[in-house]
Each structure stands twice: as structure tokens, then as C-alpha cells.
**Q** 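A single structure is presented below for examination.
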Amino acid sequence: MKSTSELTDFYYRELHPALKELEAQRTEILSRLKLYGGMGVVSLALLCIWMGKHLGLFHPLFFAGVVGSVALGGIVFRAMTHGYAKSFKEHIITPLIQAIDPHLLYNPHFMVSRHLFERSGLFQHSIDRYQGNDYVKGSINGVGIEFSDIHAEYETRDSKGRSQWHTLFRGLFLVAEFNKHFKSKTVVLPDHAEKTFGSLIGGWLQSKNFSRDDLIRLDDPEFEQHFVVYGSDPIEARYILTHSMMKRILAFQKKLSHPLFSSFAPNHIHVAIGTEKDLFEPAIFTSLLDYKQAMEYVMTLRNTIGLIEELKLNEKLWSKS
Amino acid sequence: MQIVLILLAVLALIAVLMYNSLIGKKNQVENIFAGVDAVLKKRFDLIPNLVASVERYMEHEKATLEKVTDLRSQAMKPGISDEQKIALDSKLTAALGSITVAMEAYPDLKANENVMHLQRSLHEVEEQISAARRAYNQAVTDLNNAIEMFPTNLMAGWMGLSRRAVFEITVTERQNVDVNELFKR
């Protein structure tokens with residue numbers, strides 16, 4: 001698998017013609033956005049002044065007008081960038097993924113199945129809306145892997161019957177084959193309680209979580225500080241989370257600036273990274289040739305697929321070879 | 001009068017909670033030791049196959065192989081105590097470890113697919129035993145903490161609970177296998 005520097009070279013060299021074309025598209029869209037945006041703001045301001053004068057400032061129609069124009073703005077934005085985004089995924093992301101490994105399949109419209117997401121046991125709330133895109137599937141170093149963007153939400157209704165949507169998870173969700181046999185389920189979550197309240201009270205609070213399996217306290221203090229582990233079998237949990245595996249997971253978390261959730265359910269590892277945004281969406285307001293922007297695409301892909309090497313999932317030292 | 005009754009009720013409740021928590025911790029230790037036992041048994045089951053497969057090739061390791069077989073039969077005797085099991089486990093780990101290291105010096109063995117598969121299975125079992133030991137040590141530490149810390153130590157003393165030993169590697173086994181010795185042939 002190519003290294004980050006090789007991929008960056010690939011991005012700037014092989015993809016340069018496509019990038020230039022897309023850059024041209026982008027600047028055009030940006031200038032049009034500025035134009036329409038400017039016009040929209042001016043007309044909205046005029047509308048507000050007119051409505052304020054004739055209907056009073058807190059008339060419901062006023063709010064409807066504001067909300068309506070924001071929604072209209074969103075629709076217009078999406079329509080203008082749609083072709084550009086599609087082109088970006090086809091001409092930049094697809095070759096980039098192929099460059100990492102020619103056997104990887106990429107489909108911008110698919111997502112990891114809801115069944116797998118629920119099976120991971122990472123997020124226990126029921127899901128009312130499940131969306132995703134940018135699906136990658138393949139086998140790296142003999143380890144089967146699939147991942148995509150996922151946005152899972154649930155709905156709550158308040159006493160007046162109005163519904164509100166809450167995000168359960170938004171970010172990258174990945175499933176890969178794990179190289180050891182095990183039967184139980186183990187879940188590793190970011191540790192908020194111990195970080196806030198310290199290990200004594202935090203630990204006590206965590207052990208009282210009735211919706212989860214038993215709390216498992218592991219023997220690596222730094223790991224315990226960052227993560228809380230629940231599992232149905234304390235021996236299997238430690239079989240999976242050896243000292244070296246714990247160190248690797250910790251190192252991976254430190255590389256990311258987002259919360260890392262992982263779980264182990266029979267023979268697979270599930271990883272969720274809460275990036276709170278869609279990955280692989282083309283930049284509108286920064287140049288595609290901008291180094292930081294380029295690195296974001298390259299690094300995201302490389303880190304995600306490189307998880308297999310990071311966690312040494314390709315080591316075949318056990319009977320599951 | 002009422003305050004005294006309420007106080008007594010609260011104390012009784014606390015006593016019950018402490019008693020139950022100690023019992024829970026003691027049972028957890030037993031539970032996990034059963035898991036340790038199960039995984040130790042897996043290792044015992046692998047050993048005859050392993051010894052039979054390698055003894056033809058590893059003529060210089062006869063002594064260690066005999067030691068492994070002997071330790072295994074000792075460990076499988078019915079009715080041995082938990083402490084003895086723990087002691088035998090560490091001896092067996094050390095002996096098997098030196099065989100695995102010695103296997104590196106026999107290219108015939110490394111070409112044998114059967115033996116390699118056995119080695120992987122053995123590695124898997126050793127890791128599972130390691131995990132079981134860690135789980136047991138955690139459970140024992142929890143119990144020992146409860147037995148020694150205030151206020152549960154009062155209840156523990158009354159219940160007659162005693163500290164348990166954790167899985168430790170003894171000093172002799174902690175000495176690394178002398179690689180130079182292996183090459184002096």
C-alpha cells in the first residue's frame with residue numbers, strides 16, 4: 001500500500017489535469033455563489049424592511065419569510081454544486097482510492113449496511129433515519145474491509161407533538177475482519193466520566209451503566225484514561241485487547257482529532273470516528289490545490305485504510321490463518 | 001427514638017450492601033478462575049501432539065520436552081490446589097517458551113506445515129492464558145482491595161475472607177532464555 005508521501009505526489013502529479021479543470025469549475029461556482037448570495041441578501045433585507053413596516057417585526061409571516069429564503073438558498077447551493085461534487089468524486093476520489101489499492105471498490109452512493117452499524121453495539125439508541133455515502137470495500141493485505149460516511153439520527157417528540165431530530169452519530173464507520181477467534185462482544189468507548197471526574201468517581205459512575213455489558217477495567221492506565229470498556233466476557237476482552245493492541249488503539253486515537261469508538265463482535269472489528277461532517281466532499285471555499293486541503297483527503301483515506309496496518313489486523317499468528 | 005431506628009436501618013442497609021459486594025467479588029474471582037482453568041486445559045490438550053511432532057527433530061531439547069510432559073501430568077492430577085495450578089502454569093509457560101525459541105534453530109521444523117499450525121495454535125492458547133491471567137489478577141485485586149480497605153475490611157474480617165494470590169512470574173522464570181546457550185552446539 002502506498003505511503004502518504006507517495007499519495008500526495010500522486011495527487012499533485014497524476015491528478016493535476018483533473019484538478020485544474022475542477023478548480024476552474026470551483027472558481028466559477030464561487031463567483032456565481034457570491035453573485036446570487038449578494039442578490040439574495042439584498043432582497044432579503046428589502047423584504048424584511050417592507051414586512052417590518054407593514055406587518056410589524058414579530059409577525060409569523062416574517063419568520064416564515066426568513067426561513068423560506070434560507071431554505072431556498074440551501075436548495076440553490078446544492079443544485080449549483082451537485083455537478084461539481086459528482087465530478088470531483090469521479091475524477092479525484094476514485095483514482096485516489098485506486099492508487100491506494102487497485103482492488104478497492106468505491107461507490108459514492110452506497111453506505112455500510114444498517115445491520116452492521118446496529119450490530120456493532122456502539123450506539124444504543126434506536127435509529128429513525130440512516131443515511132450515508134462514499135462506500136469503499138475491498139481487501140487489503142488479505143483483510144476484508146468496508147467503510148463509508150454514516151449519518152444516523154433519532155427523532156424525539158416533545159409534549160406539543162413537534163418532532164426534533166438528534167444526531168446519534170455522524171462520521172466514518174468502518175468494519176474489518178479481525179484476526180482472532182472470539183465469541184463475545186466488547187465495546188471500547190471514549191471515556192468522558194473518568195476524564196471529568198477522575199478515576200474513582202468516574203469509574204464508579206461507569207460501572208453503574210445498566211444499558212451496557214459489565215465494565216471491564218484494563219491494566220493499561222493510559223488506555224483506561226482515554227477509553228471505557230464494556231464487554232460480556234472479561235477474559236476474551238483481554239484476549240482481544242492485549243497490551244500491544246491497547247497501545248495501537250491509543251496511538252491511533254492520538255493521531256485523530258475526533259472521538260474514536262470501536263467494538264469487537266464475532267470475528268470483526270467495527271470502528272466509528274465522529275468527524276461530525278461528510279468526508280470526501282469537495283472544497284468550495286478553499287482551493288483544491290491547497291496543500292492542507294489535499295492532505296485532508298489523502299490523510300483521511302490513508303489513515304482509514306491504513307487502520308489495518310496500524311492495528312496489525314493482517315498479522316496471522318493465530319489459528320485463524 | 002425514631003431517629004435511632006432510622007439510623008439502625010441505614011446501618012443495616014450499608015452492612016447488607018457491603019456483604020453482598022464482598023460475596024460478588026469473591027464469586028467473580030471463582031468465576032474467572034474457572035475460565036483460567038478452561039484455557040489451561042486447552043493448553044494441556046495441545047501438548048502431547050506438540051511433543052510428538054517435534055521430538056523426532058529436536059534431539060537436543062529432549063530434556064525440556066520431558067519436563068513439559070512431566071509438568072503436564074502433574075497439572076492434570078485431580079484435586080490439586082489453586083496455588084499449585086498457578087505455580088505449575090508459570091513453570092509450563094517457561095518450558096514451552098524455551099521450546100518455541102529453540103524451534104527457530106531447526107529449519108526442518110519450520111518447513112513442516114503441521115508443526116507450524118501447532119505453533120500458531122499454541123501461540124493462540126498462550127495469549128488466551130495471558131488474557132485469563134490478567135482477568136484473574138484484576139478480579140483478585142478487586143477482592144483484595146475490598147478485603148483490606150475501610151470500611152469493607154470490617155465486614156471481611158467478620159466474614160473470614162482472606163487475600164488471594166495473583167498470578168506472578170517467579171524470579172527464576174523471569175530470567176530470559178539464554179540465546180547463546182542455544183547456539184553452543
Side-chain angles (χ1 to χ4, degrees), chain A residues 142 177-186 188 199-201 203-204 206-208 210 213-224 227-249 264 266-267 311-321, chain B residues 17 20-21 24-25 27-43 45-46 49-50 89 100 103 110 113-146 149-150 152 166-168:
Chain A
E177 278 169 12
F178 198 69
N179 47 2
K180 293 183 183 173
H181 283 304
F182 55 91
K183 288 183 251 101
S184 60
K185 199 178 247 184
T186 309
V188 177
S199 55
L200 194 63
I201 300 179
W204 181 80
Q206 281 165 353
S207 62
K208 297 298 165 212
F210 294 114
D213 288 327
D214 291 337
L215 176 72
I216 293 175
R217 260 168 309 193
L218 292 167
D219 33 5
D220 185 325
E222 209 191 337
F223 187 84
E224 269 296 309
F227 298 106
V228 59
V229 181
Y230 295 101
S232 49
D233 185 337
I235 295 183
E236 278 199 345
R238 289 175 175 86
Y239 174 52
I240 295 165
L241 292 167
T242 59
H243 284 286
S244 38
M245 179 56 88
M246 286 197 283
K247 285 200 170 50
R248 285 181 220 135
I249 294 179
F264 302 85
N267 303 319
L311 297 184
K312 293 224 164 79
L313 298 176
N314 48 341
E315 259 182 356
K316 304 275 192 207
L317 297 176
W318 302 272
S319 67
K320 201 185 169 188
S321 315
Chain B
L17 288 174
N20 286 351
S21 134
K25 292 189 165 84
N27 286 341
Q28 177 74 333
V29 170
E30 318 266 315
N31 186 19
I32 299 209
F33 198 81
V36 172
D37 244 355
V39 92
L40 285 177
K41 180 165 188 309
K42 265 208 242 177
R43 180 165 66 179
D45 289 341
L46 269 178
N49 204 354
L50 180 73
D89 163 62
T100 315
M103 272 167 85
K110 298 187 82 169
E113 187 48 51
N114 223 4
V115 172
M116 284 298 110
H117 178 76
L118 271 173
Q119 191 182 46
R120 279 197 294 271
S121 301
L122 189 66
H123 181 89
E124 186 179 70
V125 164
E126 288 296 332
E127 281 220 351
Q128 286 172 335
I129 292 177
S130 179
R133 276 194 216 116
R134 285 164 61 201
Y136 180 73
N137 286 351
Q138 181 68 55
V140 163
T141 307
D142 283 345
L143 179 66
N144 287 348
N145 279 347
M149 286 187 191
F150 189 78
T152 34
V166 295
F167 270 96
E168 266 174 24

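Below, chain A is the first sequence line, B the second, and so on; all start at residue 1. Below, each value reflects all heavy atoms present in this structure, side chains not excepted, and no hydrogens, waters or symmetry copies.
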**Q** Quick one: what part of A:L241 sits under 4.5 Å from any heavy atom of chain B, side chain, backbone, both or neither?
**A**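 Backbone of A:L241 only, per the 4.5 Å heavy-atom cut-off to chain B.
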**Q** Is chain A contacted by the side chain of B:N137, its backbone, both, or neither, given a heavy-atom distance below 4.5 Å?
**A**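 Interface part for B:N137: neither.
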**Q** So, for B:A131 and A:I235, which heavy atoms are closest and what is the spacing to 0.1 Å?
**A**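 In this case the closest contact between B:A131 and A:I235 is CB-O, 3.4 Å.
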**Q** Quick one: does any side-chain atom of B:R134 pair with a main-chain N or O of A:R238 as donor and acceptor, under 3.5 Å?
**A**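 Looks like yes, one N/O pair under 3.5 Å.
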**Q** Quick check for you: to the nearest 0.5 Å, what is the distance between A:K180 atom NZ and B:E127 atom CD?
**A**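 The NZ atom of A:K180 sits 4.0 Å away from the CD atom of B:E127.
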**Q** Nearest heavy-atom pair of A:H181 and B:E124: which atoms, and what distance?
**A**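 Residues A:H181 and B:E124, closest heavy atoms: CD2-OE2, 4.0 Å.
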